[in-house]
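First comes the structure, then the notes that go with it.
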Amino acid sequence: MCVRFRFIAVAVLVALILCSCVEVVSDPDNYAEYAAVTAETVPKQTETIMETSTAEETTSVTSETQTAPTEAVTEAPVSLAYDMPDEFYIRLEEIIEKYPHFELYDISLAYTDFGTGFTLMINPDKHYFSASVMKAPYMLYIYRLALDGAADLGQKLVYTENYFREGTGVLKDMEFGTEFTVEELIGYALEESDNAAFAMLRALYPEDGYTAFMESLGIGHEEDSRAFNQPQICCESSVILTRAIYDFILEGNEYSENLKYHMTHSRNAMILGGEGSEVVRKYGWYEGYFHDMAVILGENDYGLTIMTNFDLLPTNTREYRFFWDLSSLIAEFSGQLAESDENTDNMVTLSFDRPEVKEMALPKDPYMLLSVVNMKLRDQYSSFEALCDDMEADPGSISAVLGGLGYTYSEEVNQFVQAMIEEEQEQQEN
């Protein structure tokens, strides 16, 4: 694969980040108190009661105006400009050559050195559905409320049928009527990525307050500030969020260790840090979107987010290894920044060319084949037969390869789906 990096001028993007992002302070132990957000934009939650619902009565959530969480005010970053060593870019290109993912999917990376302010972004213009990554800033929002006296982490909430959620988590296997404190729910949301716990907390501390909090941090993209209706994430927003989490931990306030503990015990270790480091992280995984956002605490503190749209690709050890290779490269070179005369903006952005889907031949790798075939069926062809006719491909060979992975073609959804799912659908119809 021929990889062509394009170094992009980022004067406008830099201006946005320098104006909006929480900046590096000269004394990392000296953090100012957060400035208040206008009371009109953030509701106050004085008392909320969640009760077990019955046939005649549903859970009620009452809320009033809420004291606003606040934003860290810090000094300007160091004025020196930096860049990665040449060896870093050579090794990065080797990783790109190693994985066909870079030809098939959107992939973005955002790295920021908290000590120097140097930032590296790969494909910074891409936005992704944030999935469970956004649980981390939401929990940060609640902790900020608690510091301002607007949230009681000891408040007990009752898990009811209204909050049952499929997907990740452990509450879905517990009995309705079980009580949890807010702090316990935060732990489940961050460590287990528990969807039911997150639903209970969002009902208690509604989205409008969270949106105002995200805007106070400097998130400039409206779609990255919301908690419903397909919330997004991009490189610029992830740089701001990792900085905000880092600030909160280093403040040493009464909840700093809580956030750090929960995020260092999060499931699915995708981003790796250097030897002796702690990785404070939150992953997100939903219908092809596969991300990890982390703060790495060690000899050199930095933030790293890797975002992908591995569309319909079964995530397994191969995909984890992709994250491991990229994050290990960053860990190796994070403390080796050199002063740069050319990189006057203290930021480097990279982009690489990706072939159009229509020009893409069917790959031989079974997992890549599954992803490409389903992508083409979704975007270009009304049937598997039409795809094979147009691409002059053997349907029997494709079906045999994908069948070996446990997938079979479903005319109903025009996709290759797991055989077990198709059997369950047939049983339900019968």
Side-chain angles (χ1 to χ4, degrees), residues 20-39 41-46 48 66-75 77 112 114-115 133-157 180-191 197-198 201-202 204-205 209-219 238-266 273 277-282 293-298 301-303:
S20 62
C21 182
V22 181
E23 303 293 356
V24 180
V25 295
S26 56
D27 178 4
D29 294 322
N30 182 20
Y31 288 90
E33 292 296 322
Y34 268 31
V37 181
T38 55
T41 59
V42 185
K44 179 172 184 179
Q45 188 94 28
T46 54
T48 302
Q66 183 167 308
T67 305
T70 50
E71 175 188 2
V73 179
T74 59
E75 301 175 10
T112 183
F114 293 137
V133 165
M134 56 92 62
K135 290 174 182 173
Y138 215 105
M139 299 308 112
L140 176 64
Y141 158 62
I142 296 174
Y143 277 132
R144 283 291 180 198
L145 289 176
L147 286 178
D148 291 342
D152 177 7
L153 301 189
Q155 180 180 353
K156 292 185 178 181
L157 309 178
F180 302 95
T181 65
V182 170
E183 174 60 35
E184 288 173 332
L185 292 174
I186 290 175
Y188 283 124
L190 291 176
E191 296 181 35
F198 188 37
L201 291 170
R202 284 193 306 187
L204 185 61
Y205 306 106
Y210 170 75
T211 298
F213 172 67
M214 293 286 276
E215 291 172 353
S216 77
L217 293 178
I219 301 295
S238 65
V239 166
I240 295 172
L241 293 176
T242 54
R243 178 76 229 194
I245 292 169
Y246 179 69
D247 281 353
F248 188 87
I249 292 173
L250 260 67
E251 282 177 18
N253 62 60
E254 58 184 303
Y255 304 121
S256 293
E257 283 300 317
N258 298 41
L259 179 65
K260 179 182 174 183
Y261 177 87
H262 294 316
M263 293 187 69
T264 52
H265 288 75
S266 180
S277 65
E278 292 183 282
V279 183
V280 182
R281 46 176 299 282
K282 183 69 192 76
M293 180 176 71
V295 168
I296 288 78
L297 304 174
D301 296 346
Y302 60 92

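Atoms considered below: every heavy atom in the structure, side chains included; atoms not considered: hydrogens, waters and symmetry mates.
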Nearest 0.5 Å, please: how far is CD1 in I219 from OG1 in T211? 11.5 Å

Quick one, L190 and H265 - any side-chain contact, counting heavy atoms below 4.5 Å? no

Once you round to the nearest 0.5 Å, how far does CG of L241 lie from CE of M214? 4.5 Å

Side chains of I245 and M263: closer than 4.5 Å at any heavy-atom pair? yes

Measure the OH-CZ distance between Y255 and R144 for me, rounded to the nearest 0.5 Å. 12.0 Å

Does R243 come within less than 4.0 Å of D247, counting only side-chain N to carboxylate O? yes

Checking E257 now: which residues fulfil side chain to side chain contact (heavy atoms under 4.5 Å, CB included) with it, not counting sequence neighbours? K260

Spatial distance of atom CD1 (I240) from atom CG (L217) [nearest 0.5 Å]: 7.5 Å

Taken in chain and number order and not counting sequence neighbours, the residues that satisfy side-chain hydrogen bond (donor to acceptor under 3.5 Å, both in side chains) with T264 are none

Suppose we screen for side chain to side chain contact (heavy atoms under 4.5 Å, CB included). Which residues come up paired with V182, at least two apart in sequence or across chains? I142, L153, Q155, L157, I186, L201, L204, Y205

Is the closest side-chain heavy-atom distance between S266 and K135 below 4.5 Å? no

Show, in sequence, the C-alpha distance, side-chain angles and deciding distance for F213 and L145, and conclude whether the side-chain contact (heavy atoms from CB on, under 4.5 Å) test is met. CA-CA 10 Å; F213 172 67; L145 289 176; over 6 Å; no

Set of residues satisfying ring pair (Phe, Tyr, Trp, His ring centres under 6.0 Å) with respect to Y138, sequence neighbours excluded: Y141, F198, Y210

Can you sort out the partners of E183 under side-chain hydrogen bond (donor to acceptor under 3.5 Å, both in side chains), two or more places apart, ordered by chain and number? Y143, N258, H262

Considering all heavy atoms, the nearest G154-T181 contact: O-CG2, 3.8 Å

Checking Y246 against L297 for the side-chain contact (heavy atoms from CB on, under 4.5 Å) test, could you report, in this order, the C-alpha distance in whole Å, the side-chain angles of both residues, the deciding distance, and whether it holds? CA-CA 9 Å; Y246 179 69; L297 304 174; 3.6 Å; yes

Taking all heavy atoms of G298 and all of D301, pick out the closest pair and write down the distance. N-OD1, 2.9 Å

Smallest separation among heavy atoms of A189 and K282, with atom names: O-CE, 3.7 Å

Test side chain to side chain contact (heavy atoms under 4.5 Å, CB included) applied to A197 - qualifying residues, sequence neighbours left out: L171, L185, Y188, D194

In L250, T242, V279, the residue satisfying side-chain contact (heavy atoms from CB on, under 4.5 Å) with V295 is T242

